[in-house]
Amino acid sequence: MSVKQFDRKDLDYIFAVAKEMQGMVRRIGTFDLLKGKILANLFYEPSTRTSASFTSAMERLGGSVIPINEVKYSSVSKGESLPDTIRSLECYADVIVLRHPEVGSAAIAAKYARKPVINAGDGVGEHPTQALLDLFTIYQEMGQIDGLTVTMLGDLKHGRTVHSLARLLTLFDVKINYVSPEVLSMPEEVINEIKAKNIPQQAYQKLDSCLGESDVLYVTRVQKERFPDEASYEAVKGSYVIGTDTLAKAKEEMIVMHPLPRVNEIAMEVDDDPRAAYFRQMEYGLYIRMALLALVLGKV
Amino acid sequence: MSVKQFDRKDLDYIFAVAKEMQGMVRRIGTFDLLKGKILANLFYEPSTRTSASFTSAMERLGGSVIPINEVKYSSVSKGESLPDTIRSLECYADVIVLRHPEVGSAAIAAKYARKPVINAGDGVGEHPTQALLDLFTIYQEMGQIDGLTVTMLGDLKHGRTVHSLARLLTLFDVKINYVSPEVLSMPEEVINEIKAKNIPQQAYQKLDSCLGESDVLYVTRVQKERFPDEASYEAVKGSYVIGTDTLAKAKEEMIVMHPLPRVNEIAMEVDDDPRAAYFRQMEYGLYIRMALLALVLGKV
Amino acid sequence: MSVKQFDRKDLDYIFAVAKEMQGMVRRIGTFDLLKGKILANLFYEPSTRTSASFTSAMERLGGSVIPINEVKYSSVSKGESLPDTIRSLECYADVIVLRHPEVGSAAIAAKYARKPVINAGDGVGEHPTQALLDLFTIYQEMGQIDGLTVTMLGDLKHGRTVHSLARLLTLFDVKINYVSPEVLSMPEEVINEIKAKNIPQQAYQKLDSCLGESDVLYVTRVQKERFPDEASYEAVKGSYVIGTDTLAKAKEEMIVMHPLPRVNEIAMEVDDDPRAAYFRQMEYGLYIRMALLALVLGKV
């Protein structure tokens, strides 16, 4: 449902299971842990990547998937409530993955469901499996999370991924930097939550101010439409594009992350640098989702 | 194809198989009766529920599904005829489930197909698997069908589910009540068919007139748009909404059914009453569809 | 990627594998050669037939499919590049089938992918699996390809299937006839390629001129919109409709092929003639795609 439900012990456990999943996938590709189980993949708004990731996770575990992508054309458009849809689908499936444009919809679904529901993003609310895979990426790539400096770059105001990741990071001993145009800075609410956990944090407007100390650079997109006018966008956009020149000034062991899709905020020339971790990040998402499916179905 | 093709012995047999399916699903979830078989789930109009139900049915039997939901954008929009689409798909699949907006389309498909075709709704024509699952619900919930009083409520003119169910009920020793606004009453054609089978039937405009004697209350939606004007809709709408106050006047053992999706015609407060059978009805649909798939593929 | 990458030995090998697939499907329906493998079926434009064919091929081989049909609504509409989509999906799948409206997209995808990519049509570019199944149909129906006269009819200018098939046929000892209105004749570029391989070819405007000598009649649609005006369309359209009267003048052993969907260019009365090979052609497509999937995944 939410990143707020996890403590550090939970994360250790999920990551241990995800690592096992990674090992199994690499050795044998697919196995039959969830054979006979059915996932209803219920997407009220499209998300190719998340949908494909959960489908693959279920299939690699030997389970089956009911893909439901076009709900907007369907009973929902006839006015059916989310609880009714959920209670119908759980007659056919063993677990439901829900992507919905409205905040709180996952909680409503879980309240009415007898079967497990996994929140795959509810509007500007949460996208907890993304936050888990982000953290797992850091853990796997850096070997540990304690002691790291994590720099978040771009539109920190609207990006739910950075909000969730920042919250999860408070379970560890880290330093967090924010680099964003002032109009797109991290919301006060998140800042205060982090502060309450005594995690050092610092906001900047230019990446150069903290690039050198960063172990993790988490890049998000800065959309033109978020700015009051063309001029204020043009003034800052250059600072939020990562190229090989950026990497030249960064630590040798730093990793660059991105929730994808990207547009121009990371130049394609960066892809060949071993520090470019964003495609590996996608792959870690598979293992995290396999772990979550196995866990909620009581098979671990 | 049609509810008209079943006699009482057929129903007994299908229900016996469906009960076995229920037992297997409850014990082991999924089994390999149709392993290696492929279902083409061909939906020319969306129906999340029916599509998901057939997909789940095939997957619980160990078979695979080719989901085909977006036919309207596809070769069909290039002008391909239904027979050509069917004859192409049967090269890839072992059984075809067809949902189509035009009456008679299922019969056309079956005429040209060499593989079995299951009618999953052809416009205002039939939706026979819905009628079968409705009847199976009554059978399972009440223990038998003979001797029951079944009351159908709402828009009986346009609802193909009540037409098909009424026809199937004539194979049993039942009494049927109709409760609807006059403009939405059961079509003469259906009334005459029922009469020809000597089944007692009675039409009312208010539910109170026959609620107390009802063993099954089958609710359908009354859509505002069906009325000539706002005033005539406002005049009746209250009579067609089921609440806990309605249930207070009903038999202790009555069941409330609904083909779903519902909008307001059954209040959510009713969901917690054990007489609310509409979500169990969805689940019975799974077993009926599993039975049908196994039967048409010769695996029972 | 392209029909240009195959030589005659490759075709012999692919056809031998496809024949084995046919044998296995007829004997046991489905088998576990690709158990544990996942196909990402990535369709940027709809193609029910091709998509269903690949899905069935993967499922008959015991593998799983991630269906991705609505990419236009999804991250792609947020501006993601094809390479990024491919590199994300290959984290979840073992092989990618790509249908894309732009020429060259399959080559781009293959360049960036670490996993195998199969071109399922890239705009007016190529549709190589269609060409392979066309050729396999001729081979299976006629017993051999050398020595045959293949007549292509209809819109030869825009039909990528006839371009690809003509190119593949140059690997054999055949004669090729073209029958089309002058404005829709085979492009100079293809003509020159065929000529360079010393394959005899001849263009006609009327089918009667070469029907009697044809062993294979490959029909494509003549679309009204391709003509400069109504009159020029009306003048020729009759010549490009195949009926039983056409077949009366053809060889007893000729086969009629069509890439489907057809509209009016082959009358339905022809379907019952044993020479009508177009539905069998669909089925051969299944075996070719099974062979290709097994080959690119190294399982043959």
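Residue numbers begin at 1 in each chain, while the letters A, B, ... track the order of the sequences. Keep in mind that the numbers below use all heavy atoms, side chains included, and drop hydrogens, waters and symmetry copies.
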### Message
To the closest 0.5 Å, what do you measure between CG (B/Asp84) and CZ (C/Arg49)?
### Response
7.0 Å
## Note on the structure
Looking only at heavy atoms, the pair that brings C/Leu286 and B/Cys91 closest together is CD2-O, 3.6 Å
### Query
Just how far is it from atom CG of B/Asp94 to atom OG of C/Ser56, taken to the nearest 0.5 Å?
8.0 Å
### Part of B/Ala40 within contact of chain C (heavy atom distance under 4.5 Å)
neither
## Note on the structure
CZ (C/Arg60) and OG (B/Ser64) are apart, to the nearest 0.5 Å, by 8.5 Å
### Task
Could you tell me which portion of C/Asn264 (side chain, backbone, both or neither) has an atom closer than 4.5 angstrom to a non-hydrogen atom of chain B?
neither
#### Entry: Check: B/Tyr112 and C/Met268 side chains under 4.5 Å, non-hydrogen atoms
yes
#### Entry: Min side-chain heavy-atom separation C/Asp32-B/Lys35 under 4.5 Å
yes
### Task
Inspect the surroundings of CD in B/Glu189 and state if more than 12 heavy atoms from other residues, nucleotides or ligands are less than 6.0 Å away.
no
### Message
Within the supplied structure, the quantity of interest is the number of heavy atoms (other residues, nucleotides, ligands) at a distance under 6.0 Å from C/Tyr139 OH; does it exceed 12?
### Response
no
### Message
Which residue in the set B/Ile68, B/Ile38, B/Ile66 passes side chain to side chain contact (heavy atoms under 4.5 Å, CB included) when paired with C/Thr55?
### Response
B/Ile66
### Query
In terms of heavy-atom contacts, does OH of C/Tyr278 have more than 12 from other residues, nucleotides or ligands at under 6.0 Å?
yes
### Query
What are the two closest heavy atoms between B/Gly36 and C/Thr30, and how far apart are they?
O-OG1, 2.6 Å
### Query
Between C/Ser53, C/Gly29, C/Gly62, C/Ala57, which shows the greatest number of heavy-atom pairs under 4.5 Å with chain B?
C/Ser53
### Message
Would you compute the distance between atom OH of B/Tyr92 and atom CZ of C/Arg289 and round it to the nearest 0.5 angstrom?
### Response
6.0 Å
